[in-house]
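Taking it in order: structure first as structure tokens, then the write-up.
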Protein chains: 2
Amino acid sequence: MAKSSTIAAAPEAPADSAETQASLDSALDDLIGYAMRRAQLKLFQNLIGRLSAHDLRPAQFSALAIIDQNPGLMQADLAKALAIEPPQVVPLLNKLESRALAVRVRCKPDKRSYGIFLSKTGEALLKELKLIAAESDMDATSNLDSQEREELLRLLKKVYQA
Amino acid sequence: MAKSSTIAAAPEAPADSAETQASLDSALDDLIGYAMRRAQLKLFQNLIGRLSAHDLRPAQFSALAIIDQNPGLMQADLAKALAIEPPQVVPLLNKLESRALAVRVRCKPDKRSYGIFLSKTGEALLKELKLIAAESDMDATSNLDSQEREELLRLLKKVYQA
DNA sequence: TATTGTTATACTCTATAACTATA
DNA sequence: TATAGTTATAGAGTATAACAATA
């Protein structure tokens with residue numbers, strides 16, 4: 001367990017005395033970027049905590065979901081979808097393969113590349129993880145009602161989909 | 001190296017080429033956490049790019065803003081406000097001090113601690129940085145109109161406050 | 001003995017360059 | 001020569017433990 005969170009640069013939820021963050025940052029309060037970092041940290045830490053029961057990181061979960069939706073994709077495609085560099089895909093996939101959640105299958109036409117697929121185990125676990133992620137979402141946004149959640153999701157998508 | 005062999009399914013042609021994040025992640029599209037991570041990354045990268053012109057990181061900017069609002073605070077307070085551990089404050093403050101943006105002043109009553117203050121230079125730079133951050137916010141959320149921006153900020157604050 | 005700031009250290013994440021094996 | 005995957009490596013960011021000076 002690591003505690004990580006940084007408003008400063010990276011992640012985790014504070015949970016401090018009311019005196020600190022709540023009041024010390026008034027100059028930053030009008031920035032969407034600052035509020036989003038704080039909120040994202042809360043969501044992320046919640047998910048990390050829940051996934052840790054399965055010894056998985058958010059990136060692994062995303063990878064499983066992407067593979068499920070795009071069976072047979074190549075590692076370069078996966079890297080692109082995860083917004084990481086190809087070298088980072090290697091240990092990630094190694095981990096999934098070592099746990100028999102996914103497999104690399106040599107491509108027939110081009111023997112340099114692999115097609116990536118989920119195993120039955122991987123598919124079953126992914127189904128569980130989707131529920132966990134949905135729970136995490138609800139838990140971390142428990143201050144919102146369902147209409148607000150819907151609106152927030154719409155706005156967030158609009159921000160990054162261009 | 002770890003290749004397992006569970007699935008004998010036939011390798012298939014690579015998913016697509018132009019197909020990237022926009023379409024490969026449809027299973028994750030209903031998660032606020034996923035959308036927020038994507039959106040936050042966009043905002044954060046935009047800000048990082050702009051601050052780099054001043055050789056600063058978001059954490060340094062946040063620190064300047066917090067010191068400005070709380071002149072004389074101790075390093076432990078700053079760590080708490082930034083949601084980082086005290087040891088991480090040291091190099092951060094060293095950097096700000098070396099650039100004459102902030103100063104550590106020995107506390108009279110308790111000689112173990114310092115009071116942290118902005119220099120005039122620091123105050124002036126912070127004023128600039130606030131404009132830059134506001135521009136970055138606008139730029140990275142250019143898909144939204146002002147009403148949507150306001151609503152997004154409200155929802156984000158509601159998520160992490162409380 | 002407890003606390004403030006610091007040093008030392010380690011683990012994660014991320015990015016780049018170079019290597020292999022195919023093409 | 002170009003490409004897919006891999007290896008090696010380096011740089012951030014973040015965490016903990018232990019130390020010095022002070023209380």
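Throughout, protein chains are lettered first and strands after them, A, B, ... in sequence-line order, and every chain is numbered starting at 1.
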Round to the nearest Å and state the distance from [X] atom [atom1] to [N] atom [atom2].
X	N	atom1	atom2	answer
A:Leu41	D:dG13	CG	P	14 Å
B:Asp77	C:dT3	CG	P	15 Å
B:Glu85	C:dG5	CD	P	14 Å
B:Leu92	C:dT7	CG	P	14 Å
A:Lys80	D:dT3	NZ	P	13 Å
A:Leu78	D:dA4	CG	P	14 Å
B:Leu51	D:dA12	CG	P	16 Å
A:Ile84	C:dT14	CD1	P	7 Å

With the side chain of B:Arg37 defined as its heavy atoms from C-beta on, choose the nearest nucleotide among C:dT4, C:dT14, D:dT7.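 Closest nucleotide to the B:Arg37 side chain: C:dT14.
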Counting heavy atoms from C-beta on, name the nucleotide in C:dT4, C:dT6, D:dA2 closest to the side chain of A:Arg112.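 Nearest to the side-chain atoms of A:Arg112, counting from C-beta on, is D:dA2.
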Can you see if the side chain of A:Arg57 gets near the phosphate of C:dC13 - specifically, an N or O under 4.0 Å from OP1 or OP2?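 A:Arg57 to C:dC13 OP1/OP2: side-chain N or O found under 4.0 Å.
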Counting only side-chain N and O atoms of A:Arg104, is one of them less than 4.0 Å from OP1 or OP2 of D:dT6?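 Yes, such a contact exists.
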For [X], which contact category applies under a 4.0 Å heavy-atom criterion: base, sugar-phosphate, or nothing?
X	answer
B:Arg106	nothing
A:Gln88	base
B:Pro109	sugar-phosphate

Kindly compute the distance separating CG (A:Leu129) from CD (A:Gln60), expressed to the nearest 0.5 Å.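 Spacing of CG (A:Leu129) from CD (A:Gln60) equals 10.5 Å.
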If you assign A:Asp110 and B:Ala76 each to the DNA chain C nucleotide with the nearest heavy atom, which residue ends up on the more 5' nucleotide?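 First, find each residue's nearest nucleotide; the 5'-ward one identifies B:Ala76.
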I want to confirm an ordering. Mapping A:Lys111 and B:Met74 to their closest nucleotides on DNA chain C, which one lands closer to the 5' end?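 First, find each residue's nearest nucleotide; the 5'-ward one identifies B:Met74.
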Regarding A:Gln161 and B:Arg38, do their side chains bring together a donor and an acceptor under 3.5 Å, going by distance alone?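 Not at all, the side chains of A:Gln161 and B:Arg38 share no donor-acceptor pair under 3.5 Å.
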Please find the pair of heavy atoms, one from [X] and one from [Y], that lie closest to each other, and give the distance.
X	Y	result
B:Ile66	B:Ala81	CD1-CB, 3.8 Å
B:Asp30	A:Asp137	O-OD2, 4.3 Å
A:Tyr34	B:Ser62	CE1-OG, 4.3 Å

